[in-house]
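The chain is numbered in sequence order, starting from 1.
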Amino acid sequence: MEGGIPEADISAFRECLGLSRKNPYVLRLAFSAGIGGLLFGYDTGVISGALLYIRDDFKDVDRKTWLQEAIVSTALAGAIVGASVGGWMNDRFGRKVSILVADALFFIGAVIMAAAPSAAVLIVGRIFVGLGVGMASMASPLYISEASPTRVRGALVSLNSFLITGGQFLSYLINLAFTKAPGTWRWMLGVAALPAVIQIVLMFFLPESPRWLYRKGRGDEGEIILRKIYQPEDVEAEIYALKESVALELKEAESTGNISIVTLFKTKSVRRGLYAGMGLQIFQQFVGINTVMYYSPTIVQLAGFASNQTALLLSLITAGLNAFGSILSIYFIDKTGRKKLALISLCGVVLSLILLTVTFRQTETHSPFISKVESYHFNNGTCPGYGKAVDQSQWDCMKCLKASPECGFCADGSDKLLPGACLAMNDNTKNECHDGQRAWYTRGCPSKFGWLALVGLGLYIIFFSPGMGTVPWVVNSEIYPLRYRGICGGIASTTVWVSNLIVTQTFLTLTEAIGTAWTFMLFGCVAVVAIVFVLICVPETKGVPMEEVEEMLNQRAMHLRFWEKESAARKGNGGV
């Protein structure tokens with residue numbers, strides 16, 4: 001049947017690899033469209049490193065946490081609008097046009113950011129980039145899904161996730177490359193225009209999605225493309241199934257009229273598909289992944305590594321693990337199944353977040369004390385709060401940093417864990433501290449537990465990336481009927497960006513209000529809830545044709561007896 005996935009095993013992964021020699025045309029389609037994922041990933045990663053240097057150039061940004069959050073999150077606000085408009089645009093003008101518009105917006109945004117004379121103009125550029133990323137985040141996987149042979153569709157959609165993580169890894173490499181260049185962050189953000197230009201050129205030479213063409217009555221064009229995608233022995237059956245599916249969709253469209261939100265939620269299979277698809281996207285964000293990716297260097301500094309370059313270098317390891325996890329997902333998504341992979345992923349995420357919580361709690365409660373002698377030794381003055389303190393003997397590094405955004409900690413030159421100085425934060429003090437071969441801390445404190453935080457971050461990424469990093473996108477690309485796929489994909493993408501915005505906009509504020517440790521504990525509690533949600537509400541779509549997915553959703557809203565196989569459960573009446 002059209003859009004179905006035959007029972008997958010290891011041969012599906014091998015077949016995906018074999019496409020490079022058997023049918024390179026399919027891989028060219030997937031990689032060209034997947035550059036949209038690369039843009040998505042690049043933006044996620046590049047701002048985390050650029051932010052370290054933006055703070056140095058714009059002092060207001062350094063002192064105001066809300067301004068740092070605004071620079072990151074305005075792109076997400078733009079992505080919400082981009083994803084919302086993208087759903088309509090995908091259905092109205094096609095997947096290819098949507099990708100091209102996304103690239104144009106991304107290019108404009110990158111140029112504005114690179115030339116920004118102030119934080120306000122930088123934020124405008126971030127909005128343009130967000131609009132483009134929002135459109136690309138749904139158009140790219142949708143195009144790949146509809147232009148892929150059914151047997152390897154899951155693996156090729158996972159390729160989009162791999163390119164997202166590859167973009168993040170690339171962004172950290174570029175961040176490191178420009179740390180010593182004049183203009184640092186301007187180059188980091190400006191280079192982002194290059195992938196957009198490359199994709200514009202490539203997409204001009206690629207066709208529209210064959211399924212969209214059939215839906216718009218351009219079957220002859222769609223048939224030509226399908227004959228390039230499928231082997232000769234499979235193509236006739238695929239063309240017949242697609243024609244039959246589109247005919248049913250059009251017949252239903254005539255009887256129901258225009259699509260509206262009311263129509264979507266009145267259609268049982270679509271409503272339940274949206275619950276599962278949107279739920280996965282919400283939990284993907286609320287377990288904290290994009291706080292790790294957007295603020296990775298900042299988190300490394302919170303763990304006790306002071307240098308910007310060191311923070312970027314260690315964050316590069318995190319990005320590399322993320323890309324490696326995406327490669328694993330290409331192998332496992334059609335072998336293990338979507339649901340099982342998500343559950344394994346979430347269980348690992350919970351354990352990793354527990355480790356991070358314990359580690360950061362130890363870091364916060366065992367920071368070096370403040371030396372009165374050291375603090376008054378510096379010519380440029382002590383931290384005002386420390387100078388006015390009644391009992392200075394109770395002050396440690398963490399209390400110094402929390403006393404005021406105007407305070408920093410200068411570690412002891414011989415041993416960072418020995419008492420250091422609590423000083424007023426300015427360029428003179430920072431330079432005087434560095435002149436004494438000391439480390440200057442403004443985000444976190446020196447700690448003997450810092451390496452454990454890096455282990456926790458690494459484990460978090462390794463568990464998250466192959467499962468929850470990929471599964472929500474794959475499920476959302478195949479769980480909706482063809483007629484509703486564009487608008488439902490837009491709703492799901494809007495959901496992920498709204499969730500991303502909420503988490504990203506509140507992360508630094510949460511770490512200041514309740515501490516880094518309890519912030520990660522909060523993410524861990526959400527991950528536990530996500531496990532229950534996946535067990536009960538998410539169907540397994542591995543090896544299930546799309547028409548049967550629709551039937552499965554019609555029969556059963558929640559799979560409460562999750563220990564039973566869903567094929568057996570559907571024979572009973574246990575739906576809720």
Side-chain angles (χ1 to χ4, degrees), residues 32-55 57-58 61 68 70-83 85-86 97-140 160 163-179 181-204 290 293-294 297 312 319 497 500-501 504:
S32 299
I35 294 176
L38 187 79
L39 291 171
F40 177 3
Y42 187 88
D43 176 70
T44 304
V46 76
I47 194 61
S48 63
L51 192 60
L52 300 178
Y53 296 94
I54 292 169
R55 292 199 310 241
D57 277 8
F58 300 138
V61 175
Q68 296 173 42
I71 289 171
V72 174
S73 60
T74 45
L76 304 180
I80 293 170
V81 178
V85 175
V97 171
S98 297
I99 292 173
L100 289 171
V101 171
D103 287 329
L105 289 168
F106 203 99
F107 177 81
I108 293 169
V111 171
I112 292 173
M113 289 189 298
S118 66
V121 176
L122 179 61
I123 287 172
V124 172
R126 294 286 295 160
I127 292 172
F128 272 93
V129 166
L131 289 168
V133 170
M135 287 185 183
S137 69
M138 68 158 297
S140 292
N160 184 66
L163 288 170
I164 291 174
T165 57
Q168 291 167 341
F169 185 74
L170 177 65
S171 71
Y172 283 112
L173 285 175
I174 289 175
N175 282 349
L176 277 171
F178 287 113
T179 51
T184 53
W185 61 269
R186 297 183 186 277
W187 284 103
M188 295 174 184
L189 298 177
V191 166
L194 186 59
V197 173
I198 292 172
Q199 188 173 39
I200 287 173
V201 173
L202 290 174
M203 289 303 294
F204 268 118
N290 277 319
M293 299 316 299
Y294 283 122
L312 282 173
W497 290 115
N500 194 343
L501 174 63
T504 307

* **Considering all heavy atoms, the nearest G86-S98 contact** =>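 Closest approach of G86 to S98: O-OG, 4.5 Å.
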Any residue meeting side-chain contact (heavy atoms from CB on, under 4.5 Å) with [X], in chain and number order, not counting sequence neighbours:
X    : value
V81  : V85, L131
A79  : W497
V97  : F93, V101
A196 : L39, D103, F106, F107

* Quickly, which of L163, I99, I198 forms a side-chain contact (heavy atoms from CB on, under 4.5 Å) with I35? Name it, please. =>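 Among L163, I99, I198, the one meeting side-chain contact (heavy atoms from CB on, under 4.5 Å) with I35 is I198.
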* Does F178 have any ring pair (Phe, Tyr, Trp, His ring centres under 6.0 Å) partners at least two apart in sequence or in another chain, and if so, which? ->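 With sequence neighbours excluded, F178 shows a ring pair (Phe, Tyr, Trp, His ring centres under 6.0 Å) to W187, given in chain and number order.
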* Asked: With sequence neighbours left out, what residues match F169 under ring pair (Phe, Tyr, Trp, His ring centres under 6.0 Å)?
  ->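 Ring pair (Phe, Tyr, Trp, His ring centres under 6.0 Å) check on F169 returns nothing, list empty.
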* Asked: Do the side chain of Q199 and the main chain of L100 share a donor and acceptor less than 3.5 angstrom apart?
  ->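 It does not hold such a pair.
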* Asked: Judged by atom type as modelled, is there a donor-acceptor pair below 3.5 Å linking the side chain of R126 to the main-chain atoms of G109?
  ->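 Looks like no, no N/O pair under 3.5 Å.
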Any heavy-atom pair between the side chains of [Y] and [X] that's under 4.5 Å?
X   : Y    : result
V46 : L189 : yes
I71 : I123 : yes
Y42 : V191 : yes

* Asked: Atom CD1 of I47 and atom CH2 of W185: how far apart are they, to the nearest 0.5 Å?
  ->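 Output value for this atom pair is 9.0 Å.
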